[in-house]
There are 2 protein chains.
Amino acid sequence: MENEGNAGTASSSRWNPTKDQITLLENLYKQGIRTPSADQIQHITGRLRAYGHIEGKNVFYWFQNHKARQRQKQKQERIAYFNRLLHKTSRFFHPPPCSNGT
Amino acid sequence: MENEGNAGTASSSRWNPTKDQITLLENLYKQGIRTPSADQIQHITGRLRAYGHIEGKNVFYWFQNHKARQRQKQKQERIAYFNRLLHKTSRFFHPPPCSNGT
DNA sequence: GCAAATTAATGATTTATTCAAG
DNA sequence: CTTGAATAAATCATTAATTTGC
């Protein structure tokens, strides 16, 4: 169901980004933009408007959400990684017998 | 990342706080503690020791570092804020007047 | 194939922190 | 000590994916 965002149809209660819009936003994010300043938001919004109706606050929200959720994802990945590591470690790592002689 | 600090494994040269330890420390920080006195440090260290090996100096360093880093963070936010004000092009949206949405 | 029902994503709001200015 | 300003965390709400029964 490839919705074109509400670019043309324009009857939705919330902004629904186009694939092109998402692509551009993700590229900016990859380039290091995380909390764009007001003028950056204006500029980005202007570029995204070529693909459909959009407001500055949508860009603002997108970066907020994307940053937060990327962080959540990374956190989960780190937890899973360490859990795996710990489980394996229990097989490899035998505590040295503390050779207290006899 | 469920590292147990070096609570049990004790194979690291530097203190690595447990999640529980961090939680307790951050709660103390939220309660207003910034530069704990020697007595406070001793008390806190005693409570943290329940989760693993720790010394008073670790607590001391933690508060110093945490305070400094929170300041750095706020400073960066402050700079972003000034940039925003200077350009003043913002007005993405009106601050939501505490409208209740349930 | 197709909708109704259900689940997953994600846009939008609200809440709780922070430092520091007044 | 109180308040201003800006989030980031937590939550709410709506949309898209998908599953399911026919």
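Order of the sequence lines fixes the chain letters, A, B, ..., with proteins taken first and strands second; residue numbering starts at 1 for each chain. Only a predicted model underlies this, so the values are computations on that prediction, with no experimental measurement involved.
Scanning for side chain to side chain contact (heavy atoms under 4.5 Å, CB included) contacts around A:R71 gives A:K67, with sequence neighbours left out. Annotation: ring pair (Phe, Tyr, Trp, His ring centres under 6.0 Å) contacts of B:Y29 (sequence neighbours excluded): B:H66. For B:Q74, the side chain to side chain donor-acceptor pair (under 3.5 Å) criterion is met by B:E77, not counting sequence neighbours. Residues satisfying the ring pair (Phe, Tyr, Trp, His ring centres under 6.0 Å) criterion with A:H43, sequence neighbours excluded, are absent altogether.
Distances from the side chain of A:R14 to the nucleotides C:dA12, D:dA9, C:dT18 place C:dA12 closest.
At the phosphate of D:dA8, OP1 or OP2 sits under 4.0 Å from a side-chain N or O atom of A:Q64. Taking only side-chain nitrogens and oxygens, A:N16 never comes nearer than 4.0 Å to OP1 or OP2 of D:dT14. Using a 4.0 Å cut-off, some side-chain N or O of A:Y61 falls inside it from OP1 or OP2 of C:dT13. For D:dA13, the OP1/OP2 oxygens have no side-chain nitrogen or oxygen of A:S13 closer than 4.0 Å.
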Could you walk me through whether A:W15 and A:Y61 pass side chain to side chain contact (heavy atoms under 4.5 Å, CB included), step by step?
-> CA-CA 10 Å; A:W15 173 61; A:Y61 292 148; over 6 Å; no
(request) Take B:T45 and B:I41 through the side chain to side chain contact (heavy atoms under 4.5 Å, CB included) test and state the conclusion after the steps. (result) CA-CA 6 Å; B:T45 304; B:I41 288 179; 3.8 Å; yes
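Counting only Watson-Crick and G-U wobble pairs whose two distances sit under 3.5 Å, DNA chain D takes part in these stems of three or more pairs: C:1-22 with D:1-22.
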What does the list of N/O pairs under 3.5 Å between the protein and nucleotides 20-22 of chain C look like, with a distance for each?
from	atom 1	to	atom 2	distance (Å)
C:dA20	OP2	B:R71	NE	3.3

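At a cut-off of 3.5 angstrom, the base of C:dA12 holds at least one donor-acceptor pair with the side chain of A:N65.
In this structure, B:Y29 reaches the sugar-phosphate backbone alone: every heavy-atom distance under 4.0 Å involves primed, P, OP1 or OP2 atoms, never a base. At a threshold of 4.0 angstrom between heavy atoms, the contacts of A:R34 with the nucleic acid are absent.
What separates CZ of A:F63 from C1' of C:dG11 is a distance of 15 Å, to the nearest Å. Taking atom NZ on A:K57 and atom P on C:dG11, their separation rounds to 14 Å, with Å as the unit. Going from atom CG of B:N27 over to atom P of C:dT18 covers 10 Å, rounded to whole Å. Rounded to whole Å, atom P of D:dA8 lies 12 Å from atom CD of B:Q70. When rounded to the nearest whole Å, the span between NZ of B:K30 and P of C:dC19 equals 12 Å.
Between the side chains of A:S37 and A:D39, at least one donor N or O sits under 3.5 Å from an acceptor N or O.
Nearer to the 5' terminus of DNA chain D, by closest-nucleotide assignment, is the contact made by A:K67 (compared with the other of A:K67 and A:Q72).
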